[in-house]
Student: 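Following this message is one structure expressed as structure tokens.
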Amino acid sequence: MFSYVFMKILETRPRSYDRNINRASLGKIRAIKRQIANQATPGSKVLEIGCGTGELAGMLVAAGCNVEGFDLSPSMVGAARERIKSEGLGDSFTVHNAGVDSMDIFADRSYDTVVSTLVFSEMSDDERRYALANAYRVLSPGGKIIIADEVSPRSGVLRFLHSMTRAPALLGTYLVTSATTRPLDDIAGELTAAGFVVGKYARSQGDSFAVVVAVKPAGDKNDEPA
Amino acid sequence: MMSLLKTIWGLLFRLFPCPAPTGLREIGHPGPQSPVLVTCNFDLTIKRLKKALEGLDVWLLVAQSGGVNVWCAAGGDEFNTHSVVSAIKTSGIGRKVTHRTIILPPLSGPGVSIAAVRKATKWNARWGPVRAEDIRRYIKTGFRRDEGMRRVTYTLTERLDTALGSLFPFYLLGGALFALFDPSLLVNYLLVATAAFLFFFLALDSIPGERGIVKAGYVALALLVTLAITEFYHPNGSPYRSSLIIAVVMIFVYGSELGGLAPHLPSDLDPFLARLGVGAVGNVAFAGTVRTELLNGYRELTYDHEICEGCRNCFEICPQGVWRMGEDSKRAILADRDKCTACRACLLQCQSGAIQAKKRDRNEPAGNSYIYL
């Protein structure tokens, strides 16, 4: 949906970001986050790439997980810290002000799950490769990565319609924030290249949104990033 | 084809972003010892760099700048420390070369902190030359910078280049408005505006006044005198009246915003908007920023000789030559404050904190700060 492009504008207002991005996505993004949280294993350790205001992290903590998250935007991290206080998340959710390029700070830690919603579409090719390599490294064998993001529809017609509906939003957003997002072309391929085994791949919203679950094979000794 | 269109777009719509993919590019056949140059992801910049680097074997690391050129993006915090750190760490350049040194474009000085890049990546960073055509000489002479490589110029070609890139969108907009509301004035508009602006850009330094807006005032005065003379000879209404009025208006539009057009003049519009209390338009901030407060005289560039550690960064980075090194070469000297355009590069790069932008007591006389309406 074109509405995800507006994310870059909404990000400049962290306090209302969750409410507005949810509204722009017609309530879908919160539903997807809830679905991810519902499927989480209580007691598991989760790393969230680009945790934003910590909405998903809060849901994961409520589901019994221990979450560590990071976000590049200082104001988003500020909003997440406010959430920790107001929702009493305490030690169950820690947040860092860091970009994907700082993922090596987590190198000596180990997680059961890595999650990321609406973040990979903001990254460059190199950043995605780096993020996936580092996610692979920090996941324990058998651990999974869940990515929910905008993707390019598979059929040419849908892809054309998708880019047409996106175009005006793209221009407007670019003029306001000089930043934008790019739907993912082949996230499954990128996950495979990083060593993951792609499992569930659920597409929705005119084939333009996907929730991908991939697993780090158990017993894999190769801990080096690809 | 797409690449050619992008080049034309980049030339004519210089004021708009034109992003190219970020990441590592090979120029020639670079090896493990080859230099690593960093640049922004403005399409036209990358093309011009590639042309200037033809025949050399170097790595070109394109970092995220929002598709904007190095200087503008650094000034607007789009090309910043994180852009460079991210490019170094995620591009895998560390596996391609055995050394650990990047060469940064010095006009990235207002946004990319050389110390912070070093701290975050353990890579050493050094400043290259301002202009791409000097890179070859810079590399051949063992990465030595001479005075010409440190400072910006405003040559005839550069003037025509900026005049073209900054005029075109306005021609299009103005042309469309005239075509819509009064097509008979369209030709007048294009001819007069072109003549007036070429004159304004080419003769900029010869026009009296130190500020763009003052210079614009002089040009406007000359045009108004011309108007009066033509009115005198044409008692029934001068045929040049509308054209000259168009030219006066456009001269003021450009004269007030030379910050992004002429390299040695700061913006007049930004501090004026800040005075009006305009916080931001889009993601460009005005009121309350160090830059506009320096320009408005709310802050003042100060330098503490005692604290200075002689890191040379201010001297190396200032594109205007505001700083000099003392004769013992151990400390900097604030040599020519009047040349400062408040780009903030020295503030960001100063390692000891000797350079500050201190809040000024507003009851004091304005001193060296700029005075606005």
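Throughout, protein chains are lettered first and strands after them, A, B, ... in sequence-line order, and every chain is numbered starting at 1.
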Student: Supply the atom-to-atom distance B/Thr22 OG1 to A/Glu127 CD, rounded to the nearest 0.5 angstrom.
Tutor: 6.5 Å
Student: Using non-hydrogen atoms and a 4.5 Å limit, figure out which bit of B/Leu24 sits close to chain A: side chain, backbone, both or neither.
Tutor: backbone
Student: Crowded around B/Lys96 NZ? As in, over 12 foreign heavy atoms under 6.0 Å?
Tutor: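 Result for NZ/B/Lys96: open.
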Student: Nearest 0.5 angstrom please: A/Met123 CE to B/Gln64 CD, how far?
Tutor: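 Going from CE on A/Met123 over to CD on B/Gln64, the span is 13.0 Å.
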Student: Evaluate the side-chain proximity of B/His82 to A/Leu72: yes if any heavy-atom separation is below 4.5 Å, no if none is.
Tutor: yes
Student: Looking at A/Asp104 and B/Lys89, is any side-chain nitrogen of the basic one under 4.0 Å from a carboxylate oxygen of the acidic one?
Tutor: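 Yes.
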Student: Would you give the length of the straight line joining atom CG of A/Asp101 to atom OG of B/Ser83, rounded to the nearest 0.5 angstrom?
Tutor: 9.5 Å
Student: May I ask you to check whether over 12 heavy atoms, not counting those of A/Tyr201, lie within 6.0 Å of atom OH?
Tutor: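 More than 12 within 6.0 Å, yes.
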